[in-house]
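Below is one structure, written out as structure tokens; the observations come after it.
Order of the sequence lines fixes the chain letters, A, B, ..., with proteins taken first and strands second; residue numbering starts at 1 for each chain. Everything numeric in this text was worked out from a predicted model, so none of it was measured.
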Amino acid sequence: MIFHVEKLAKHIHNLVGPTISSRALYSCLSAPLESKTLSDLDIVIAKIPVGISEDEVVRSLLNDQACNSIELSSELVDKLLHRFKDDWKSALGVFRWAESRSGYRHTQEAYDMLVDILGKMKQMGKMKAVLEEMGQCQLVGLGTVAKVMRRFAGAGQWEEAVTTFDELGTLGLDKNTESMNLLLDTLCKENKVEQAREVFLELKPHISPNAHTFNIFIHGWCKMNRVDEAHWTIQEMRGNGCLPCVISYSTIIQFYYWQSKFSKAYELLDEMQAQGCPPNIVTFTTIMCSLTKSEEFEEALHIVDRMRSIGCKPDTLFYNALIHTLGRAGRVEKAVRVFEVEMPNTGVSPNTSTCNSMIAMFCHHGQEQKALNIIRYMEKSGLCKPDVHPLLKVCFKTGNTDCFLSKLLDDMVNKHHLFLDISTYALLIHGLCRANKCERAYSLFEEMIGQGISPRYQTCRLLLDEVKQKNMYDAAERIEDKENWHFSVVSSKAYQQSRQGHRTSAITGSNPNKSFGGIGNIHVRKVLMLCRLHTKTVNCGTY
DNA sequence: TTAGGGTTAG
């Protein structure tokens, strides 16, 4: 059944290309099979072609009989905004169309969502205009302001974040400790701690700080590698009549572990206890994670004794970290005991991550049957998303690429209802190529394209080499097409953004490890190489 | 968004 739905959507796509109708049809055809009729959501989405302006979206919806007969609800508007969370023109168009319908009024949640979408897409002027509109309707909440300030700061416009705070009165909100903390936290999270400090000194005579205010600074200074200022902030806290709390100390301790300054961390751990502010479960979990990261497994396990000695109660996240540590330390039996005996005894329930840690540990130690048992346990206990990547890797490592792998994939899709995502397809295609099963690898390649997932550049390259060796000429041609498309889309996007001076955002905003929106994971170096390539071509006068 | 991630070289 799923197969037919995909085939039909693919066929339509091939016939008419990636236009509105095929996009909408694909999304509704690949929706859960029980809903076979077009929902209101699908009807509206089908009327919004890719890449048109917000006014065109409004016109397209207004001119459509089916759209105009839909009974609007805030749930439908929320779903539409969510659907267009990465497409501000469609989101804004839908929003304007909805409010033009008689009797319909937007909720604060819908406004907040729109503000966030505009901010995320760097439409700062439009975001501000919507904020003002909200102010006139008395719809601005602290959450709205938080989003606006964070989006300004995230776009490198921290002064605008401060202006937003200054104008809180006109938006119907108070400038108080809570809203000030929001502003200071926004600035500190964007590494503008010194600027936050200046703002704070200006506001302090009018708004009294609380412990939260100082904790924001402690975190900010630590993030900037300025632990002396963090310590000094603890003193300042006391001077202002606020007592340093477990968060104040734990933040600095975490920083010391991060820097591998273990003795300093232990000193502070003793100090906080002496000050009548004992470490809690978050403090211990953080310490254990840091020590495990530095491969100090014995030291990490000592922390558990220390935690127990002061009667601190474990929770799920603590056990997740402990199981991970034990697995890394090679103590599989002990980890199994924690999972099977200790957790039930202490009444702490495992979550999806706990089980996934167990799966990864068993696979790492060649115990795939036990990993499968965990998957079965997850099925029974209703935990979703078992991580099958470790098991897939075991299949390739042991050369078990026939029955076991097929059964696993079948279970993944049909029993656990997991989608094969880009990383799973990459893993499978690479693994099958290495196992000399390139026909199967190629059929997966076709399948992923059919699903609308674009293969990574490396996947194309590897598969292309393999199919050429096997003289699969049609396949080679199709892969080359995809590869060329890849090259043109990635290079033109990277080129445009590099010309605008956003080299890092050419990859993805601030985190260079995240995937390139909609195109899949492209290696960072590849994109930078393409940027350079194009810059070079410009200099030569070819462009 | 005042602290806690989990396993991965495709």
Measure from [atom1] on [X] to [atom2] on [N] and round the result to the nearest Å.
X	N	atom1	atom2	result
A/Y257	B/dG5	OH	C1'	19 Å
A/L182	B/dT1	CG	C1'	9 Å
A/M288	B/dG6	CE	C1'	13 Å
A/K293	B/dG6	NZ	P	10 Å
A/I429	B/dA9	CD1	P	18 Å
A/I281	B/dG5	CD1	C1'	16 Å
A/F217	B/dT2	CZ	P	14 Å
A/I218	B/dT1	CD1	C1'	16 Å

Could you go step by step and tell me if A/Y257 and A/F262 meet the ring pair (Phe, Tyr, Trp, His ring centres under 6.0 Å) rule? CA-CA 6 Å; A/Y257 275 105; A/F262 300 153; 5.5 Å; yes
I want to check something: taking the side chain as every heavy atom from C-beta on, are A/V332 and A/L326 in contact at a cut-off of under 4.5 Å?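 They are not in side-chain contact.
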Quiz item: [X] side-chain donor-acceptor pair to [N] base, under 3.5 Å:
X	N	value
A/T285	B/dG4	yes
A/D315	B/dG4	yes
A/N280	B/dA3	yes

Could you please name the option among [options] that lies closest to any side-chain atom of [X]?
X	options	result
A/S250	B/dG4, B/dA3, B/dG10	B/dA3
A/I247	B/dT1, B/dG10, B/dA3	B/dA3
A/D185	B/dT2, B/dG4, B/dG10	B/dT2
A/Q458	B/dA3, B/dG10, B/dT1	B/dG10
A/T286	B/dT2, B/dA3, B/dG4	B/dG4
A/S357	B/dA3, B/dG10, B/dG6	B/dG6
A/H219	B/dA3, B/dG6, B/dG10	B/dA3
A/C289	B/dT1, B/dG5, B/dG10	B/dG5

Answer yes or no: does a side-chain N or O of [X] lie under 4.0 Å from OP1 or OP2 of [N]?
X	N	answer
A/K223	B/dT1	no
A/S353	B/dG6	yes
A/N181	B/dT2	no

In whole angstrom, give me the gap between the C1' atoms of B/dG5 and B/dT1.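 Taking atom C1' in both B/dG5 and B/dT1, they lie 16 Å apart.
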Cation over ring face, A/R197 and A/F217, 6.0 Å, 45°: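 Ring-cation test returns yes.
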How is [X] classified with respect to the nucleic acid when contacts are heavy atoms under 4.0 Å: base, sugar-phosphate, or nothing?
X	value
A/K147	nothing
A/R434	sugar-phosphate
A/F318	base

Begin with the C-alpha distance, continue with both residues' side-chain angles, and end with the deciding distance and a verdict on salt bridge (Lys or Arg N to Asp or Glu O under 4.0 Å) for A/R150 and A/D116. CA-CA 9 Å; A/R150 295 214 152 100; A/D116 204 40; over 6 Å; no
Indicate, with yes or no, if the rings of A/Y377 and A/F339 have centres closer together than 6.0 Å.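 When the ring centroids of A/Y377 and A/F339 are compared, they turn out to be within the sub-6.0 Å range.
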Parallel under 30°, tilted from 30 to 60°, perpendicular over 60°: which one fits the rings of A/W258 and A/F255?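 Tilted, since the angle between the ring planes falls between 30° and 60°.
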